[in-house]
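Scroll down for the structure; my scribbles are underneath it.
Here, residue 1 is the first one in the sequence, and each next residue gets the next number.
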Amino acid sequence: MSRLVKKSPSLCTDLPLDNTVICNKLQLLRQLLKSCFGPTGRLKQVHNNIGGHVVTTSTSSVLLPAISSSQSFINLIKTSILNHVSRFSDCGLFAAILCLSLIEQAKQSGLSGSVAIGVNKHLLGLCTSYLQREDCGCKVKLDFCSSHNLITLASSIISSKPACVLTESEVLHISKLAVQAFLLTVPCNSPGDVSLGQTVSISVEGHPVLNSAVFPGLLVDTPDDLCLDKSENQHSNPLRLVLFSASLAGDLSELGDGKIDMHPGVDTDSQILDQLLELVKRVVKDEVKVFVCQKVIHPVVQQYLKRHGVIVIERLGITLMEPLTQLTGAQPVATLNTTIPAKAYGKVKDLSILQFGSKTMLHLQPPGESSICTMILCHRNETMLSELKVACQKTEHVLRLTLREPSALLGGGCTETHLAAYVRHKSMKEVTETVSALGCSRTEHLRGVDGFCRSLESVAAALEHDGGDSVMDLTHAHHWTRPADVMKEQEDSSGFCGCGLMESSPNQRWTYLNTNYQEFSPAPLSGGAAVQPRVLDSFTAKLNALQVAVETANLALDVRYLIQDMN
């Protein structure tokens with residue numbers, strides 16, 4: 001069939017970074033993300049122009065998917081950042097701001113794309129090798145014998161999500177719960193390969209945040225009329241449990257695909273019900289005390305089970321199937337065959353009913369050690385609760401990353417300023433060898449280094465949203481913020497740096513960020529200091545975010561043409 005409308009030619013954009021429209025969109029995206037960065041970041045409300053759900057957030061994993069763009073160049077950067085967030089959960093805004101700053105600095109420097117890419121690759125190598133060294137000045141070793149640094153790491157993540165709207169005491173409470181839940185998912189006495197458990201989150205709207213709690217085991221929704229007979233449960237043997245993944249509603253559609261031969265006049269519904277009753281009679285005979293189904297259970301079947309003292313839980317949902325199998329050792333039954341193998345049954349140690357607001361939940365406790373726990377999250381309204389749930393999920397993932405690499409990086413912008421000072425000093429020492437290896441001039445190399453370091457410093461400066469100034473001390477290269485009316489040489493003896501490790505002193509020298517200063521080697525902090533950092537970032541997540549930011553910026557700098565099909 002011939003086309004009714006003539007096919008339009010594709011739109012080709014040459015050198016997209018020279019295109020004013022694209023550059024303006026990149027700058028707008030950078031300003032938008034910078035304004036969300038850190039504990040005092042500004043919230044964003046995103047909605048489409050025809051209504052629908054309104055998203056209020058400052059979290060990259062929520063904000064970036066909510067922002068749509070018709071510009072493929074923008075979507076390239078956005079997809080790269082979201083891929084990092086999906087794998088590491090943290091440092092999405094750091095990666096995005098650094099990436100966009102590197103692109104802007106490379107454009108302003110006047111360097112060719114190949115030179116800027118080469119310098120960025122070289123400096124990324126300097127950063128990663130330094131961060132992985134044992135004597136790195138911005139890395140902190142995590143001691144799992146103490147929960148202090150783990151709580152600090154969790155608190156840094158949760159407090160950086162202002163849409164959660166938490167007080168200091170609430171941040172501390174949620175941080176302790178997150179660490180408690182994380183530790184409960186790590187098996188203690190499991191021989192061989194260790195398999196981490198799960199934390200199941202349940203949201204309760206309209207209650208104070210301080211009512212949030214963590215429970216070992218699993219909490220599931222249950223009917224309000226459930227009444228436990230404690231005399232049945234107060235014995236030494238665990239309670240037997242059976243779990244069905246097949247529907248027990250008695251519908252023909254649940255019997256599977258294929259042809260069904262039906263004799264005239266036969267009541268199929270009653271036949272299926274009879275088969276279900278035979279099934280549950282077998283279950284009762286096997287002394288099952290807890291009957292769980294992922295889907296729906298026929299009312300007659302429920303009535304029969306309850307009459308024989310069996311606790312019935314239906315509509316469990318697919319998300320709780322895996323945690324329940326891990327908790328109880330049950331194997332989901334996917335057939336209506338009346339013969340259920342003994343190994344399919346699971347066990348629970350005890351049952352109890354918990355009430356949280358309008359939610360009535362049944363607490364299933366494991367017969368032995370289990371790495372399944374349930375976190376009840378409470379907050380005053382739906383928006384805050386949704387953001388808090390996301391923050392806790394990200395925190396759990398970041399804490400798990402510490403098992404792979406038990407380290408953290410100094411937060412509050414101190415890692416960024418420390419890295420910038422280190423890169424400037426290292427580059428000046430090795431400028432001759434680097435220029436020869438990269439095949440560029442000394443001036444081009446210095447421009448590239450300056451743009452890279454300014455990009456790192458701009459990420460630290462993005463933490464300030466109240467009109468203050470961002471400065472760096474010229475000894476340890478930590479990041480500090482000061483009110484705008486404080487003079488450069490004026491000292492604040494009670495002030496601490498961004499990570500909280502250093503307190504200002506009268507003999508310190510300062511420089512404003514993104515200004516020229518004499519390069520220096522950042523001095524290490526004394527190892528005997530009793531002061532602990534107040535803000536920590538995930539080592540694994542930030543290291544990968546640094547790599548993603550530089551590699552994505554280099555990819556953007558290397559794009560020569562954008563070809564868009566207009567049909």
Side-chain angles (χ1 to χ4, degrees), residues 24-49 52-69 74 77-78 81-82 84-85 89-101 104 155-168 170-171 174 209 379-392 394-395 411-414 416-417 455-471 479-485 498-499 512-514 534-535 537 542 545 549:
N24 288 341
K25 288 184 177 181
L26 287 174
Q27 187 176 18
L28 178 62
L29 179 62
R30 177 170 170 266
Q31 293 300 325
L32 186 150
L33 297 178
K34 279 179 62 178
S35 67
C36 296
F37 194 43
T40 60
R42 296 343 188 202
L43 305 183
K44 298 294 175 288
Q45 281 195 335
V46 186
H47 62 94
N48 58 47
N49 60 358
H53 184 66
V54 178
V55 176
T56 303
T57 188
S58 65
T59 305
S60 59
S61 60
V62 179
L63 180 62
L64 287 175
I67 300 174
S68 60
S69 174
I74 303 293
I77 297 172
K78 193 176 80 168
I81 302 303
L82 285 174
H84 160 78
V85 173
S89 292
D90 196 24
C91 300
L93 290 177
F94 164 83
I97 296 169
L98 179 58
C99 171
L100 294 169
S101 297
E104 185 175 317
S155 175
S156 302
I157 298 170
I158 293 169
S159 63
S160 68
K161 308 293 186 287
C164 294
V165 193
L166 301 175
T167 64
E168 287 187 17
E170 290 171 343
V171 169
I174 295 296
V209 176
H379 216 322
R380 293 176 285 277
N381 64 46
E382 181 186 1
T383 299
M384 299 174 186
L385 188 57
S386 175
E387 190 79 353
L388 180 60
K389 188 173 182 179
V390 171
C392 287
K394 303 299 182 187
T395 303
C414 291
E416 289 82 348
T417 53
S455 297
L456 284 171
E457 292 172 3
S458 69
V459 178
L463 290 166
E464 173 57 39
H465 301 281
D466 299 315
D469 295 317
S470 291
V471 298
H479 173 238
W480 309 70
T481 56
R482 292 183 170 184
D485 55 349
C499 70
Y512 289 100
L513 294 188
N514 285 316
R534 300 178 182 178
V535 185
D537 292 331
K542 179 155 277 192

(message) When you compare the side chain of L43 with that of T57, does any pair of heavy atoms fall below 4.5 Å?
(response) no
(message) Within this structure, what is the CD-CD1 distance for the pair E387 and I158, rounded to the nearest 0.5 Å?
(response) 11.5 Å
(message) If you compare all heavy atoms of V535 against all heavy atoms of S156, which two are closest, and at what distance to 0.1 Å?
(response) CA-OG, 3.4 Å
(request) Determine whether L33 and L63 make a side-chain contact, defined as any pair of heavy atoms from C-beta on separated by less than 4.5 Å. (result) yes
(request) Apply side chain to side chain contact (heavy atoms under 4.5 Å, CB included) to the pair I77 and L26, showing each step before the final yes or no. (result) CA-CA 10 Å; I77 297 172; L26 287 174; 3.7 Å; yes
(request) Working to the nearest 0.5 Å, report the span between CD1 of I81 and CG of L64. (result) 7.5 Å
(request) Ignoring hydrogens and angles, tell me if any N or O in the side chain of H379 forms a donor-acceptor pair with the backbone of C164 under 3.5 Å. (result) yes
(request) Report the distance from atom CD1 of I174 to atom NZ of K161, rounding to the nearest 0.5 Å. (result) 14.0 Å
(message) Is it the case that the side chains of S58 and R42 hold a donor-acceptor pair, with the cut-off being a distance below 3.5 Å and no angle test?
(response) no
(request) Calculate, to the nearest 0.5 Å, the distance between atoms CD and CD1 belonging to E416 and I97 respectively. (result) 9.5 Å
(message) So which atom in S60 and which in V85 form the shortest heavy-atom distance, rounded to 0.1 Å?
(response) OG-CG2, 3.7 Å
(message) Tell me the closest heavy-atom pair linking F37 and V459, and the distance in Å.
(response) CE2-O, 3.3 Å
(message) Looking at every heavy atom in both C414 and G498, which two are closest together, and how far apart are they?
(response) SG-N, 3.7 Å
(request) Determine yes or no for a side-chain-to-main-chain donor-acceptor pair under 3.5 angstrom, with Q27 supplying the side chain and N24 the backbone. (result) no
(message) Evaluate H479 against L513 for side chain to side chain contact (heavy atoms under 4.5 Å, CB included), listing each step before the verdict.
(response) CA-CA 9 Å; H479 173 238; L513 294 188; 3.8 Å; yes
(request) Rounded to the nearest 0.5 Å, what's the gap from OG on S160 to CZ on F94? Could you check? (result) 13.5 Å
(request) Using the side-chain contact (heavy atoms from CB on, under 4.5 Å) rule, pick out the option among V46, V55, L82 that qualifies with P65. (result) L82
(message) For the CD atom on E382, are there more than 12 heavy atoms of other groups (residues, nucleotides or ligands in this structure) within a distance under 6.0 Å?
(response) no
(message) Just so I know, are the side chains of C392 and K389 near enough to count as touching, which here means a heavy-atom distance under 4.5 Å?
(response) no
(message) Does this structure show an ion pair linking K34 with E464, if we count only N-O contacts that are shorter than 4.0 Å?
(response) no
(request) Locate the shortest heavy-atom distance separating L98 from L456; write the atom from each residue and the value. (result) CD1-N, 4.0 Å
(request) Grab the two heavy atoms, one from G413 and one from A460, that are nearest each other, plus how far apart they are. (result) O-CB, 3.7 Å
(request) With the side chain counted from C-beta on, respond yes when H465 and P162 share a heavy-atom pair under 4.5 Å apart, and no when they do not. (result) no
(message) I'd like to know whether K78 forms a side chain to side chain contact (heavy atoms under 4.5 Å, CB included) with S69, so could you lay out the CA-CA distance, the side-chain angles of the two residues, the decisive distance to 0.1 Å, and finally the verdict.
(response) CA-CA 10 Å; K78 193 176 80 168; S69 174; 5.7 Å; no
(request) Before giving the answer on salt bridge (Lys or Arg N to Asp or Glu O under 4.0 Å), spell out for D537 and K542 the whole-Å C-alpha distance, their side-chain angles and the decisive distance to 0.1 Å. (result) CA-CA 7 Å; D537 292 331; K542 179 155 277 192; 2.8 Å; yes
(request) Could you verify whether a donor N or O on one side chain and an acceptor N or O on the other, from S470 and T481, lie under 3.5 Å apart? (result) no
(request) Begin from the C-alpha positions of E170 and R380 and carry the test salt bridge (Lys or Arg N to Asp or Glu O under 4.0 Å) through to its verdict. (result) CA-CA 12 Å; E170 290 171 343; R380 293 176 285 277; 3.4 Å; yes
(request) With side chain to side chain contact (heavy atoms under 4.5 Å, CB included) as the test, would you mind laying out the steps for L32 and I67 before giving the verdict? (result) CA-CA 11 Å; L32 186 150; I67 300 174; 3.9 Å; yes
(message) When you measure from the side chain of S386 to the backbone of T383, do you find a donor-acceptor pair of N or O atoms at a distance under 3.5 Å?
(response) no
(message) Rounded to the nearest 0.5 Å, what separates atom OG1 in T56 from atom CD in Q45?
(response) 4.0 Å
(message) I'd like to know if D90 pairs up with K394 as an ion pair, taking the criterion as any Lys NZ or Arg NE/NH1/NH2 lying under 4.0 Å from an Asp or Glu carboxylate oxygen.
(response) no
(message) Strictly distance-based, threshold 3.5 Å: is any side-chain N or O of T59 a donor or acceptor partner for the main-chain N or O of V62?
(response) no
(message) Tell me whether R534 is salt-bridged to E168, with the criterion being a basic N under 4.0 Å from an acidic carboxylate O.
(response) no
(request) Please check if the side chain of H84 supplies one atom and the backbone of A549 the other of a donor-acceptor pair under 3.5 Å. (result) no
